[in-house]
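First up is the structure itself, then whatever we jot down about it.
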Amino acid sequence: MSALFPTYNRLELEIAHGEGTKVTDTNGKTYLDFISGIAVCNLGHRPPSVQKAIEEQLEKVWHVSNLFPVSLQEEVGEQLVTHSCCDAAFFCNSGAEANEAAIKLARKYTGRTKVITFKQSFHGRTFATMSATGQGKIQEGFGPLLQEFVYLPYNDSEALASEINENVAAVMLEVVQGEGGVHAANAEFLQNVQKLCKENGSLFIVDEVQTGIGRTGKPFAYQHYDIEPDVITIAKGLGNGFPVGAMLGKGFLRDTFSVGSHGTTFGGNPLAMAAAKAVLAQIFDEGFLTEVNKKVDYFTEKLAENLQHIEEICEVRGKGFLIGIETSVNQGELLTKLRESGLLALPAGPQVLRLLPPLTVTTEELDEAIEKLEKVFTEMTTTVIQ
Ligand SMILES: *Cc1c(COP(=O)(O)O)cnc(C)c1O
């Protein structure tokens with residue numbers, strides 16, 4: 001009997017080693033990792049600059065309380081506000097904690113409790129963020145939930161216009177719904193969210209836990225649209241595997257999180273900040289994302305070209321290197337066969353294959369992945385005439 005709670009249906013392979021896009025299991029089999037720890041290892045496994053930064057910090061100090069100034073927090077905060085529309089950062093340890101902070105901030109700032117989120121959204125597993133998540137299966141058995149979350153259909157401006165009023169603390173959404181099936185927001189909808197939030201004095205919170213830190217080809221995914229959220233939450237890619245999250249907010253929210261109002265023991269500790277600083281130095285470098293976008297264009301064109309004859313592929317969608325392939329084939333079988341061929345990929349709902357290569361993936365590795373995808377899809381879809 002395992003000494004662990006069985007919260008995860010684990011795969012049979014254990015990863016023993018990782019470098020760049022490649023991981024090796026305990027049997028010595030090598031895979032192309034197009035999961036990246038679920039959009040965490042955006043710079044691949046063990047990127048040298050991040051490893052070096054952590055190693056150097058290990059020799060100085062690991063942890064100090066937030067009762068002391070931590071200048072690395074100031075530096076990482078500065079990188080984040082320089083590359084976003086926000087002005088201040090609060091560091092924490094995970095995506096759920098970042099969203100938890102955002103919900104607390106919205107309640108305190110507005111003095112209201114109601115929060116609008118969207119169907120098929122995913123915001124985390126704590127009480128507030130589970131309550132914010134628009135998927136019944138995540139909430140089952142844990143009720144009563146935190147009060148006053150309303151789930152509206154995504155990309156539906158009319159539904160939002162009829163629900164929002166001066167009792168709404170915030171509207172919270174993912175610019176591309178990751179867990180919910182890789183669905184991107186449309187530009188007009190996001191404009192309307194922003195406008196309706198302004199008119200009603202509600203905060204506009206963008207959950208960039210999966211889409212942020214270069215994943216979609218911009219520092220933050222909201223930057224593909226002409227909008228400015230009041231609050232941005234990030235985590236996954238921020239430490240490239242070192243656990244760290246952050247909530248970013250506009251300057252007018254500063255006084256709401258005054259001394260003693262919110263806190264954390266580990267959030268923003270020197271080791272996490274050393275990792276985040278090195279990650280952002282690379283990802284926010286201008287040339288880096290230009291290269292990423294070239295590779296994204298190359299991959300999406302080649303995917304379309306090489307897979308267009310597969311009738312069981314209904315749609316290829318997403319933004320940047322957050323890619324969803326909607327298919328009518330058996331998902332479990334597809335993932336197993338891809339794994340056997342040496343490609344690790346994820347589901348996003350029952351009919352969507354999700355690909356999250358590291359942003360540092362090479363064109364050769366992209367070619368290899370396409371070959372494997374084409375081979376497996378062809379194997380699975382060739383009709384046997386009896
Ligand atoms: C993964 C994820 C979260 C939760 O992050 P944790 O670090 O697991 O708490 C929240 N929102 C989105 C959009 C995510 O993809």
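For reference, positions follow the sequence shown, starting with 1. Atoms within a ligand are numbered from 1 in the order they appear, just like the ligands themselves. Just so it is clear, the structure is predicted and the values come from calculations on it, not from any experiment.
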For [X], counting its heavy atoms only, list the atoms of ligand 1 lying under 4.0 Å from any of them.
X: Asp207; value: 10 (C), 11 (N), 12 (C), 13 (C)
X: Lys236; value: 1 (C), 2 (C), 3 (C), 14 (C), 15 (O)
X: Asn99; value: 10 (C), 11 (N)
X: Gln210; value: 15 (O)

Ligand 1 to [X] polar contact by distance, N or O atoms, under 3.5 Å:
X: Phe122; result: yes
X: Ala96; result: yes
X: Glu97; result: no

Specify side chain, backbone, both or neither for [X], according to which of its non-hydrogen atoms lie closer than 4.0 Å to ligand 1.
X: Thr211; answer: neither
X: Glu174; answer: side chain
X: Ser94; answer: both

Report task. Quickly, which of Asp25, Thr24, Val23 forms a side chain to side chain contact (heavy atoms under 4.5 Å, CB included) with Thr30? Name it, please. Result -> Thr24
Query - Under-4.0 Å heavy-atom contact between protein and atom 5 (O) of ligand 1 - result: yes
Report summary line: heavy-atom search around atom 7 (O) of ligand 1 in the protein gives Gly95 N, 2.8 Å
Query raised in the report: Does some side-chain heavy atom of Leu58 sit less than 4.5 Å from a side-chain heavy atom of Leu271?
Result: yes
Query raised in the report: Do Val329 and Phe377 touch side chain to side chain, with heavy atoms closer than 4.5 Å?
Result: yes
Requested in this report: Measure from the ring center of Phe34 to the ring center of Phe321 and say whether it is less than 6.0 Å.
Outcome: no
Side-chain donor-acceptor distances from residues 141-153 under 3.5 Å, at least two apart:
{"unit_1": "Glu148", "atom_1": "OE2", "unit_2": "Thr113", "atom_2": "OG1", "d": "2.7"}
{"unit_1": "Tyr151", "atom_1": "OH", "unit_2": "Ser131", "atom_2": "O", "d": "2.5"}
{"unit_1": "Tyr151", "atom_1": "OH", "unit_2": "Gln139", "atom_2": "NE2", "d": "3.2"}

Report task. Have a look at Asn99 and tell me which of Thr117, Thr133, Asp207 forms a side-chain hydrogen bond (donor to acceptor under 3.5 Å, both in side chains) with it. Result -> Asp207
Query raised in the report: Are there more than 12 heavy atoms of other residues, nucleotides or ligands under 6.0 Å from atom CD of Glu188?
Result: no
**Report entry** Residue pairs fulfilling ring pair (Phe, Tyr, Trp, His ring centres under 6.0 Å) with at least one residue in residues 38-84, sequence neighbours excluded
**Finding:** His63-Phe266, His83-Phe284
